Amino acid sequence: MEEGTSKSPSNCESTVDYGDADPFQWDTREDCQVRQILDRIADKWSLLVIALLENRRLRFTELRREIDGVSQRMLTVTLRSLERDGLVKRTVHPVVPPRVEYELTSLGRTLHTTIQSLVTWTEEHQEEIAQARTAYDTRAAEGSEATAT
């Protein structure tokens, strides 16, 4: 390995050698595969789709009805991306009109467990976050008043 670089499991090269205590588990460059995967699974629509598909199959219209604010186009793009990544399985039933159902793959189910941990953390800390937001907004408002005078 070249000095000053390290190779992560994602095959993205980091330009800094942190030894065994690498604070970055992925490369932040756009072409890094780990970053691309994180961008996909961490967007709000993907998280909601994965959460809704826990232990059940849903049709497109059911997903759209359950996800407040998602457009038909955005849900289509999200489902296709999740299917491409192997997280969601799409099944077309040969009936008239065609019935299409979506469900998590075994890989998607492992991700759901991780997402559930994130949701649990959020629920446990939502009051602290609300207090921090209020304090920040108060400081920001006071700061803007001070610069206006």
Side-chain angles (χ1 to χ4, degrees), residues 1-90 100-149:
M1 185 181 315
E2 198 176 307
E3 187 177 334
T5 65
S6 63
K7 195 89 159 165
S8 72
S10 65
N11 296 326
C12 298
E13 291 195 27
S14 175
T15 57
V16 179
D17 185 3
Y18 294 99
D20 291 337
D22 187 352
F24 301 103
Q25 294 179 348
W26 63 86
D27 190 323
T28 56
R29 291 176 296 185
E30 244 183 279
D31 62 345
C32 177
Q33 190 174 37
V34 171
R35 178 178 167 187
Q36 291 171 2
I37 294 168
L38 285 170
D39 287 346
R40 159 58 39 225
I41 62 175
D43 79 60
K44 66 181 177 179
W45 304 125
S46 294
L47 289 172
L48 291 170
V49 166
I50 292 165
L52 286 169
L53 292 177
E54 178 192 21
N55 298 320
R56 62 182 175 165
R57 293 182 184 130
L58 291 173
R59 295 175 71 176
F60 182 92
T61 53
E62 293 170 317
L63 282 165
R64 186 158 181 225
R65 189 173 33 249
E66 291 286 329
I67 302 174
D68 191 33
V70 70
S71 68
Q72 181 172 334
R73 180 187 177 285
M74 196 65 236
L75 183 56
T76 299
V77 168
T78 299
L79 288 165
R80 284 183 184 158
S81 296
L82 291 171
E83 182 181 9
R84 180 175 182 250
D85 290 343
L87 301 171
V88 168
K89 178 183 174 191
R90 178 179 184 261
V100 180
E101 294 178 325
Y102 297 90
E103 64 185 309
L104 293 178
T105 62
S106 58
L107 181 62
R109 285 190 296 277
T110 65
L111 179 58
H112 183 273
T113 303
T114 302
I115 290 170
Q116 187 57 50
S117 296
L118 180 61
V119 170
T120 300
W121 180 90
T122 304
E123 289 169 342
E124 290 172 356
H125 297 284
Q126 63 185 333
E127 291 301 318
E128 293 169 74
I129 292 168
Q131 291 169 4
R133 287 177 175 175
T134 300
Y136 178 91
D137 292 345
T138 301
R139 288 191 311 272
E142 290 170 355
S144 65
E145 289 174 11
T147 57
T149 55

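Because the structure is a prediction, the values reported are computed rather than measured.
Looking at Leu63 and Leu53, their side chains come closer than 4.5 Å, going by heavy atoms from C-beta outward. Looking at Val49 and Tyr102, their side chains never come closer than 4.5 Å, going by heavy atoms from C-beta outward. In this structure, the side chains of Leu75 and Ile67 come closer than 4.5 Å at one or more pairs of heavy atoms. Side chains of Ile50 and Glu54 form no contact here, defined as non-hydrogen atoms less than 4.5 Å apart. Looking at Val100 and Arg90, their side chains come closer than 4.5 Å, going by heavy atoms from C-beta outward. A heavy-atom distance below 4.5 Å is not found between the side chains of Thr105 and Val88. Residues Leu58 and Glu103 have side chains not in contact (no heavy-atom distance under 4.5 Å, counting atoms from C-beta outward).
Asp68 CG: 12 or fewer foreign heavy atoms inside a 6.0 Å radius.
For the pair Glu62 and Arg57, the tightest heavy-atom approach, listed with the atom from each and the gap, is OE1-O, 4.4 Å.
Note: Trp45 CH2 to Ser71 OG = 7.5 Å, rounded to the nearest 0.5 Å. To the nearest 0.5 angstrom, Arg64 atom CZ is 5.0 Å from Gln72 atom CD. Note: Leu104 CG to Leu82 CG = 8.5 Å, rounded to the nearest 0.5 Å. If you take OG1 on Thr134 and CZ on Arg139, they are separated by 10.5 Å, rounding to the nearest 0.5 Å. Considering NE2 of His112 and CG of Leu47, their distance stands at 10.0 Å, rounded to 0.5 Å. Residue Ser81 holds its OG atom at 11.5 Å from CG of Asp39, rounded to the nearest 0.5 Å.
For the 3.5 Å distance criterion, the side chains of Ser46 and Asp43 qualify, holding a donor opposite an acceptor.
Of the possible donor and acceptor atoms, none in the side chain of Arg40 sits under 3.5 Å from a partner among the backbone N and O of Gln36.
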